[in-house]
Protein chains: 2
Amino acid sequence: MSTLAGEPCDTSSWDAGNCPVRDVMNQIAGKWSTLLLEALAQKPYRFGELRRLVPDISQRMLTQTLRDLQRDGYIDRQVFPTKPPSVEYSMTELGHSLFEPLAKVLAWAGDNHAAVKAARVKFDASELG
Amino acid sequence: MSTLAGEPCDTSSWDAGNCPVRDVMNQIAGKWSTLLLEALAQKPYRFGELRRLVPDISQRMLTQTLRDLQRDGYIDRQVFPTKPPSVEYSMTELGHSLFEPLAKVLAWAGDNHAAVKAARVKFDASELG
DNA sequence: TAGTGCTAGTCTCTTTTTGAGACAAACAAT
DNA sequence: ATTGTTTGTCTCAAAAAGAGACTAGCACTA
């Protein structure tokens, strides 16, 4: 319960870089991060495979998001000296340990998607008054 | 296991708006969303209180993030006719049910912050080679 | 009565981030 | 010779976020 006992972060000595919630979440909270983590949690994928799996991600964002996830230690990048060289991305132990609780949130999203969409409709309707 | 069985989303008939993971996560994955949810999971707060709790959020983003969270049904906005009028934000049932699994991820962040930071140092060092 | 401060925002301007799409290099197959 | 494959990078346009001034109504203070 460490980080959940008091305020989101220690307010007295505020330091955004020292807040674990922000520091970790800001990375996995990206538009594409969870999607890629969900894919790589199942099995390793190559760059092009991920690109086909998430058709509307640009190469630029795929490259960048993968590098960020690699930097934080969630995924591994392995280059194979084939011709042309191929690159395989796989989830690390740390990544799997993160994905365990994260999968629960993803499951929640699936289970409650209808409720969220209903809330939106209701909200948008009341805005028009 | 519904959404976790196969690919992140049904790839054959791809529709970003129909993917629960994307539709739900894109909202709670914002830079400030989890932080505000964490605060409001504990007790209701007023606009100014939240602003002080998260010093480096701009009024603009606080307003907008709160409205987005309200739109998705996670929080309630109640105006009190005091002078000057005050507004209280509180977490809904839906919000609490989301926060239950989300709290596990937040706890993970607290427990593994050191490992993530270590991974970053290692990555950045190997980049300089 | 003028000045100051509180509330919860909005409006505008600048900076940062993201998206779209062309381009690269090296080799295989046609 | 041309086309296709791989994993990226580069540039430019569009979208989003951040900074800070501004609003309105009322209370308190001088």
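Quick note on labels: first sequence line is chain A, next is B, and so on, each numbered from 1.
- Note on B:R67 versus B:D72: no salt bridge recorded, every NZ/NE/NH1/NH2 to OD/OE distance being 4.0 Å or above.
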| message | One character per nucleotide, please: for nucleotides 22-30 of chain C, 5' to 3', B when the base has a protein heavy atom closer than 4.0 Å, S when only the sugar-phosphate does, - otherwise. | response | B--------
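- In this structure, the side chain of A:E38 does not engage the main chain of A:L35 through any donor-acceptor pair within 3.5 Å.
- You'll find that the side chain of A:Q64 is closest to C:dT18, out of C:dT7, C:dT18, D:dT7.
- Among the heavy atoms of the strands, none lies under 4.0 Å from B:F80.
- Across the interface with DNA chain D, nearest-nucleotide mapping of B:S58 and A:R60 shows A:R60 to be the residue nearer the 5′ end.
- Here the nucleotide nearest the side chain of A:M61, chosen from C:dT18, D:dG18, C:dT7, is C:dT18.
- Listed candidates were D:dC10, C:dT12, C:dA8. Nearest to the side chain of B:S86 is C:dA8.
- The neighbour count for A:E100 CD, taken as heavy atoms of other residues, nucleotides or ligands under 6.0 Å away, does not exceed 12.
- Nearest to the side-chain atoms of B:Y89 among the listed nucleotides C:dG9, D:dG8, D:dT7 stands C:dG9.
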Solution key, residues 57-66 of chain A side-chain donor-acceptor pairs under 3.5 Å, sequence neighbours excluded:
residue, atom, partner, partner atom, Å
A:S58, OG, A:M61, N, 3.2
A:T63, OG1, A:Q59, O, 3.0
A:T65, OG1, A:M61, O, 2.7

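- Computed from coordinates, the A:D56 CG to C:dT18 P distance equals 15 Å when rounded to whole Å.
- Atom P of nucleotide D:dT6 and atom CZ of A:F47 are separated by 11 Å, given to the nearest angstrom.
- In this structure B:N112 satisfies the side chain to side chain donor-acceptor pair (under 3.5 Å) test together with B:W108, sequence neighbours excluded.
- Comparing C:dG19, D:dT7, C:dT10 by their nearest atom to the side chain of A:R77 picks out D:dT7.
- The residue A:R51 sits apart from the nucleic acid: no heavy atom pair falls under 4.0 Å.
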